[in-house]
There are 2 protein chains.
Amino acid sequence: MMRARLLEATLDCLVERGFAGTSTTLVSERAGVSRGAQLHHFPTKNDLVVAAVEHLTERRGAELAAAAATLPDGPRRTRAVVQMLGDHFASPVFDAALELWVAARSDEHLLAAVGPLEQRVGRETHRLTVELLGADESVPGVREMVQATLDLVRGLGLANTISDDTRRRRRILDTWADTLDTVLKGTTR
Amino acid sequence: MMRARLLEATLDCLVERGFAGTSTTLVSERAGVSRGAQLHHFPTKNDLVVAAVEHLTERRGAELAAAAATLPDGPRRTRAVVQMLGDHFASPVFDAALELWVAARSDEHLLAAVGPLEQRVGRETHRLTVELLGADESVPGVREMVQATLDLVRGLGLANTISDDTRRRRRILDTWADTLDTVLKGTTR
DNA sequence: CAACAAACAGTCAAGCCTGACTTTTTGTTG
DNA sequence: CAACAAAAAGTCAGGCTTGACTGTTTGTTG
């Protein structure tokens, strides 16, 4: 319970203040957990943050699964799938992940933990996307287009961190969904 | 001259150690500039870093222009343009920009300087891309696909910061170029 | 119920970063 | 060439963060 509170507080700080602005003292205060208790569960800041990555991953999965359940069938499905991914990569969840991503870039310990984890999450997200789109990856080029879709929403998510970009994202993803449908044609439904 | 050395040192630190790991002391040492001299040119860390953004922008422009001059004509041009953009967004230049981008997310002063600047650079990059591709933006969907291309390479650049992603990027962008050509068909050349 | 271990709480010193302050050098103008 | 202003150099104190240390509560087992 203490553990969970600490992890949530860490993620909140990450979103609000960034990695550097997230001090262990601040986290313990936010979580309403004493400094000693915190140090008991997570001896160092890195331990704390790495654990937060794990926790975040679970939330990522849960959020995507929940959103996926509400998707419509029929000709508008591709568009809905793509918009769902776009929204997900524009949420605070992405902000927190981005902070970790960038922090790990120049911290080998963090990288050792975040790298493999993010790779795993990436594969899982890819699998889910293929499933939601009903794409046939045995067709040449289809796999690359699915990957491109995920990298595209990642790029859109990045753009969204600085200024609200929702309208532009909607337009771009609508157009992309049409293109994607053309490429996948004959393999979906 | 001192100014330029400070800016270059700042960018080097940014790439190697990230925003938080870039201390003003470290920068002055690297640049071979005394602390007082540094404080004369840039009173605060923010001033230093904001100026570095400006400087980076110029380098960005110069690098892109240089690369653009070597592009081939003919049917392979789209592929070459897209790969060029992909390489550019996977270079240290992007790493430095990413650090600033993320740091600005949770620092309003930095955001006030980086936001408008990055918007300007974005527009300029868009304009250049349209020109290089010979795209006709009056055709519906074309503008969105050009934007999508830029957001895609941004996403690929982000993925590349953690682990070297060159092979995957090549494959994805090759496929993307084919799709892009189909959409632009009749409007190019 | 007593004893022991684990979780929790609070305090604090060492280290680092930033930016202010003082002194020295360089260069320009009358 | 003298005087003055601008640039550069060096020093340093204040503030913040981290993680180590010590004391207290809770809970479990014999």
Side-chain angles (χ1 to χ4, degrees), chain A residues 1-53 55 96 99-100 102-114, chain B residues 1-53 55 96 99-100 102-114:
Chain A
M1 202 61 212
M2 291 269 162
R3 233 186 106 89
R5 284 223 306 276
L6 282 169
L7 295 180
E8 283 300 330
T10 303
L11 294 175
D12 287 348
C13 283
L14 234 40
V15 172
E16 272 183 39
R17 311 202 169 197
F19 183 86
T22 299
S23 81
T24 54
T25 324
L26 186 65
V27 170
S28 61
E29 281 171 10
R30 284 233 188 165
V33 166
S34 79
R35 187 119 184 80
Q38 179 189 43
L39 245 63
H40 169 70
H41 287 292
F42 309 103
T44 73
K45 180 179 179 179
N46 267 352
D47 289 331
L48 176 64
V49 173
V50 167
V53 184
H55 188 225
E99 289 290 341
L100 290 166
V102 172
R105 199 184 69 82
S106 40
D107 182 325
E108 52 174 344
H109 287 182
L110 220 47
L111 186 61
V114 174
Chain B
M1 201 61 210
M2 290 270 162
R3 233 187 106 88
R5 285 222 306 276
L6 282 169
L7 295 179
E8 283 299 330
T10 303
L11 293 176
D12 287 348
C13 284
L14 234 41
V15 172
E16 272 182 39
R17 310 201 170 199
F19 183 87
T22 299
S23 81
T24 55
T25 324
L26 186 64
V27 170
S28 60
E29 281 171 10
R30 283 235 189 165
V33 166
S34 78
R35 186 120 184 80
Q38 179 191 42
L39 245 63
H40 169 71
H41 287 291
F42 309 103
T44 74
K45 180 179 179 181
N46 268 352
D47 290 331
L48 176 64
V49 172
V50 167
V53 184
H55 188 225
E99 289 290 340
L100 290 165
V102 172
R105 198 184 69 82
S106 40
D107 181 323
E108 54 174 344
H109 287 183
L110 219 47
L111 187 61
V114 175

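In the text below, chain A, chain B and the rest are named by the order of the sequence lines, each starting its count at 1. Quick note: numbers below take in every heavy atom, side chains included, and nothing from hydrogens, waters or symmetry partners. All of these numbers come straight from a predicted model, not from anything done at the bench.
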Base-contact (B) and sugar-phosphate-only (S) positions in nucleotides 7-25 of chain D, heavy-atom cut-off under 4.0 Å, - elsewhere: SSBBB-----SBBB-----

Taking every non-hydrogen atom, the tightest pair across B:L6 and B:S28: CD2-CA, 4.4 Å

4.5 Å side-chain heavy-atom contact, A:Q38 and A:T25: no

Segment of DNA chain C, first to last nucleotide, that comes within the 4.0 Å heavy-atom reach of chain A: C:dA7 to C:dT11

Those residues that, when tested against B:E29, pass salt bridge (charged side-chain N to carboxylate O under 4.0 Å, His left out) (two or more places apart): none

Nearest heavy atoms of B:G21 and B:L26, plus distance in Å: O-CD2, 3.8 Å

Side chain proximity check, A:V49 to A:F19, heavy atoms < 4.5 angstrom: yes

Identity of whatever pairs with C:dA13 - Watson-Crick or G-U, under 3.5 angstrom: D:dT18

SB check B:R30 B:E8 (cutoff 4.0 Å): no

Closest heavy-atom pair and its distance - B:V15, B:A96: CG2-CB, 3.8 Å

For C:dT25, the Watson-Crick or wobble partner whose two distances fall under 3.5 Å: D:dA6

Side chain to side chain contact (heavy atoms under 4.5 Å, CB included) partner of B:V53, the single match among B:L7, B:L110, B:L100: B:L100

